[in-house]
Number of protein chains: 2
Amino acid sequence: MTSGHPLPRDPEPSLTIAQVAERTGLSHDTLRYYEKAGLIERVGRTTGNQRRYDTADLAWLEFLLRLRETGMSIADMQCFARLRAEGDTTVADRLAMLREHRADLAGRIRALRRNAAALDDKIDHYERLLHERQTGTDGPA
Amino acid sequence: MTSGHPLPRDPEPSLTIAQVAERTGLSHDTLRYYEKAGLIERVGRTTGNQRRYDTADLAWLEFLLRLRETGMSIADMQCFARLRAEGDTTVADRLAMLREHRADLAGRIRALRRNAAALDDKIDHYERLLHERQTGTDGPA
DNA sequence: GTAGAACCTGGAGTGCGCTCCAGGTCAAGC
DNA sequence: GCTTGACCTGGAGCGCACTCCAGGTTCTAC
């Protein structure tokens, strides 16, 4: 991911933390927290020590967000990030992690759908109940 | 749910907290916590003050578990439980809550599936990368 | 009737993922 | 050059959903 194709990088957008916060929906604090936690490698700085995020940082953040949204813990993301930082030799490990997470996710989606179906039944039940009450099928108020 | 059909209740299984813990997968502490929090109405007791759960308690717990597994917060479950305790007049409110939760859930499932698809792409990407490395498509080690 | 397991209570503690704060530095507009 | 708002750091605090603990009571099996 680092070597390979020497793409001629464009002007490197260089976003402030506020801009990244807006684009990702993460707060300034969370962005700093993720960096401190090692989820993002140390972001570039201005001479005055203010963060400037480039396109790669943003792409990585978006990937992290997907992991988070699919329920990966910070600890596991730290693990993944560490592997990534080690370079191309860890590709197999990272792939294994992603596959496991993917399988996990599939299971959770299945479970959610089962539960959703059960919820639908419950909703039907309540609808019938309500209808009975409204039409007075069941005797006294 | 309380009036209506006067079913001749069977011997009322009357389970101990340990038995309910095993059946539901909740810990003793969590069961007591849920009761203290008002998620379950006060469970019946022996003369010696030990809990005895009946079939209705178990069914309600299982319903709560479904709500929990689909991401409902304790606070919302408390709200639902309070409505339930108020009796049949709150059926419409409960139905509304369930419908909202159901819609929410549908959204979350959709989002998860989108993210799952993105994860699949990432996995494909890593597989190609790994294959390149193994077949030495990309030059020096 | 007694040992030991299971149960009770109120309240403190935990882990996670942020979120907030104090006290300071930096940068853009006037 | 000064104000004002964005940014920096380390560290404390928070809300959630439990989980654990101490100290006591009850139940079961012998």
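In what follows, chains are A, B, ... by sequence order, proteins preceding strands, each numbered from 1.
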Exercise. Any idea which heavy atoms bring A/E41 and A/R84 closest together, and the distance?
Worked result: OE2-NH1, 4.2 Å
Exercise. When the ring planes of B/F80 and B/W60 are compared, do they come out parallel, tilted or perpendicular, using 30° and 60° as the limits?
Worked result: parallel
Exercise. Taking all non-hydrogen atoms of both residues, which atom of B/R23 and which atom of B/L58 are closest, and how far apart?
Worked result: CD-CD2, 3.9 Å
Exercise. How many Å lie between CE on B/M72 and P on D/dC18, as a whole number?
Worked result: 14 Å
For this session: Examine D/dC7: is either OP1 or OP2 under 4.0 Å from a nitrogen or oxygen in the side chain of A/T16? Give yes or no.
Result: yes
Exercise. Salt bridge check: are B/E127 and A/R99 linked by an N-O gap of less than 4.0 Å?
Worked result: yes
Exercise. Which angle, to the nearest 10 degrees, lies between the helix axes at the two ends of the helix from C/dG1-D/dC30 to C/dC30-D/dG1, each defined by five pairs?
Worked result: 10°
Exercise. Which pair of heavy atoms, one from A/R102 and one from B/A116, lies closest together, and at what distance?
Worked result: NE-O, 3.5 Å
Exercise. Base, sugar-phosphate, or nothing: which does B/R52 touch, judged by heavy atoms less than 4.0 Å apart?
Worked result: nothing
Exercise. Between residues 23-38 of chain B and DNA chain D, which residues have a heavy-atom gap below 4.0 Å?
Worked result: B/S27, B/D29, B/T30, B/Y33, B/Y34
Exercise. Under a 4.0 Å N-O cut-off, is there an ion pair linking A/D124 with A/R128?
Worked result: no
For this session: Work out which heavy atom in A/A21 is nearest to a heavy atom in A/H28; give both atom names and the distance.
Result: CB-CD2, 3.6 Å
For this session: To the nearest Å, give me how far apart CG (B/L39) and P (D/dC18) are.
Result: 9 Å
Exercise. So where does chain A start and stop touching DNA chain C, 5' to 3', when the test is distance under 4.0 Å to a non-hydrogen atom?
Worked result: C/dG17 to C/dA27
Exercise. Are A/R51 and A/E35 within salt-bridge range, i.e. N to O under 4.0 Å?
Worked result: yes
Exercise. Roughly how far, to the nearest 0.5 Å, is OG1 of B/T24 from CG of B/L61?
Worked result: 6.0 Å
Problem set entry | Minimal non-hydrogen separation, A/M97 against A/L83, with atom names | SD-CD1, 4.0 Å
Problem set entry | Distance, rounded to the nearest Å, where B/M77 contributes CE and D/dA17 contributes P | 7 Å
Problem set entry | Shortest non-hydrogen separation from A/V43 to A/Y53 and the atoms involved | CG2-CE2, 3.5 Å
Problem set entry | 5'-most by nearest nucleotide on DNA chain D - B/I74 or B/T46 | B/I74
